[in-house]
Amino acid sequence: MKGFWHDAAEFFPILMNGVALTIVVTIGSLLLSTVLGLVWAMMRVSGIKALSMLSASLINVIRGIPIIVLLFYLYFVMPDLGVTLSALQAAILGLGIAYSAYQAENFRAGIEAIDKGQVEAAQSIGMGWWLTMRRVVLPQAVRIVLPPYGNVMIMMLKDSSQASTITVAELALQGKLIASSTFKNSSVFTLVALMYLTMSIPLILLVRHFEKRAGKR
Amino acid sequence: MIELNDVHKSFGKVEVLKGISATVEKGEVVCIVGPSGSGKSTILRCINGLESYDRGEISVEGLKVDRDAPSIVNIRTQVSMVFQRFNLFPHRTALENVIEGPLYVKTEPRAQAFERGRALLAQVGLAEKADAHPPQLSGGQQQRVAIARALAMQPKAILFDEPTSALDPELVGDVLGVMRKLADDGMTMVVVTHEMGFARDVADRVLFIDGGVIVEQGPAKALLNQPQHPRTQDFLRRVLHPL
């Protein structure tokens with residue numbers, strides 16, 4: 001145990017660099033997946049057949065490809081097509097796209113859970129599709145969508161470690177690098193695990209808060 | 001002001017409207033009565049384009065109702081609707097519900113919209129409930145907010161789709177009272193209702209609908225007191241003397 005605390009004090013600052021990148025990747029891909037997911041979901045419920053079918057197939061394609069393969073594709077294949085991305089860019093893009101499919105399905109479920117009478121009431125005062133979405137449907141759907149959204153946040157925090165496969169030196173990769181150069185596997189990975197856990201605790205509390213609030217309504 | 005000419009409408013294979021022709025004049029109160037499933041609500045929903053129709057034509061002040069045309073927004077701002085289940089926006093206060101249309105559809109100045117909104121809530125007897133959210137209000141109060149929301153659009157006519165059917169009996173009177181006042185003020189109203197007392201006292205004309213056609217129509221008192229058609233007689237007997 002004494003050895004652990006000694007190692008922890010030594011490795012902590014290096015691992016913190018990894019934490020910074022983990023947070024950047026998580027927030028970046030969270031934002032991207034939210035925006036893309038919202039776009040897919042809106043296309044899906046637009047009532048325009050071509051858009052809704054396009055969105056459905058996109059979601060299925062994205063869901064059917066493992067995140068790691070998507071990352072390899074963006075980082076290793078795209079340069080052949082003339083698009084060179086930094087490892088960090090590829091990681092954010094890959095995770096953002098991969099998770100947009102789950103976000104979209106979650107958003108769609110929230111939108112479709114809103115009573116049809118709400119849409120009719122909005123239409124009956126002359127609101128068009130977009131105004132109905134913005135003022136009536138989405139504000140109510142948010143309450144339904146937040147608890148699962150919180151879960152996605154936790155999953156994304158953990159899955160950001162997959163960025164290590166394309167050389168992003170986030171927390172998991174930093175840990176692996178230290179471990180392989182010092183052979184202090186148990187200290188390093190215990191510390192890494194604890195740091196992930198620490199980062200997810202605020203998110204877990206946030207989810208609990210969302211669920212409580214959703215339950216009240 | 002509202003004209004229906006040989007309107008047909010089917011849901012799948014079921015034809016719910018089989019050629020409805022009727023006119024509603026400005027300032028007139030027309031009640032539509034009839035057994036459930038007869039197509040009463042569908043008529044209202046076709047008039048403001050919540051539902052499409054297959055054949056015939058509906059027009060509001062000469063403008064054809066076509067729910068896929070941009071002009072439908074124009075019609076909906078002129079013909080408001082009050083729903084059986086209120087359909088208030090639960091995430092907004094009573095006042096916000098009322099001014100939503102004026103602010104975002106008609107882009108009325110904020111101060112003016114708020115002032116009018118408060119006045120309308122006062123008109124339906126709910127001035128002190130401006131900041132309450134719909135779930136905190138009784139059914140009757142919610143429906144009166146919904147009427148204020150419809151009025152806020154300064155419509156030329158209001159369609160009421162069984163406005164008291166979802167209410168506890170003791171709350172019906174408040175809502176009917178507000179509607180009666182509107183009628184007295186000259187508002188054009190089309191009301192689908194089972195409240196025969198209201199129809200008799202307030203309506204100018206009554207349409208009796210059964211099986212997707214207008215079976216009988218005429219001045220409210222005459223039709224409700226001396227119905228001519230056997231189906232109207234039978235229906236009224238069952239509504240007025242259920243036991």
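Chain letters run A, B, ... following the sequence lines, proteins first, then strands; residues in each count from 1. Computed over heavy atoms, backbone and side chain alike; hydrogens, waters and symmetry mates excluded.
The shortest heavy-atom contact between M187(B) and A157(B) is SD-CA, 4.1 Å. A203(B) approaches C31(B) most closely through the heavy-atom pair CB-SG, 3.7 Å.
Within the 4.5 angstrom heavy-atom criterion, atoms from both the backbone and the side chain of M81(B) approach chain A. Only the side chain of F83(B) comes within contact range of chain A, with heavy atoms under 4.5 Å apart.
A distance-only check finds a donor-acceptor pair linking the side chain of S86(A) to the backbone of Q89(A) [under 3.5 Å].
Partners of Q162(A) by side-chain contact (heavy atoms from CB on, under 4.5 Å), not counting sequence neighbours, listed by chain and number: I67(A), I68(A), L71(A), D159(A).
Among I75(B), L88(B), V82(B), the residue making the largest number of heavy-atom pairs under 4.5 Å with chain A is L88(B). Per-residue counts of heavy-atom pairs under 4.5 Å with chain A were compared for Q78(B), E100(B), R85(B); the largest is that of E100(B). Counting heavy-atom pairs closer than 4.5 Å to chain B, the top-ranked of the candidates Q140(A), R135(A), R134(A) is R135(A).
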Practice task
Go through S41(B) and D161(B) one step at a time and tell me if the side-chain hydrogen bond (donor to acceptor under 3.5 Å, both in side chains) criterion holds.
Solution key: CA-CA 6 Å; S41(B) 294; D161(B) 187 4; 2.7 Å; yes

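Both the sub-6.0 Å distance and the 45° axial angle are not jointly satisfied by R149(B) relative to the ring of F86(B). In this structure, K9(B) satisfies the cation-pi test against F11(B), with its NZ or CZ atom closer than 6.0 Å to the six-membered ring centre and inside 45 degrees of the ring normal.
Contacts of residues 96-124 of chain A with chain B at a heavy-atom distance below 4.5 Å involve D115(A), G117(A), Q118(A), E120(A), A121(A), A122(A), Q123(A), S124(A), listed in sequence order.
Side-chain atoms of H194(B) and V33(B), non-hydrogen and from C-beta on, never get closer than 4.5 Å to each other.
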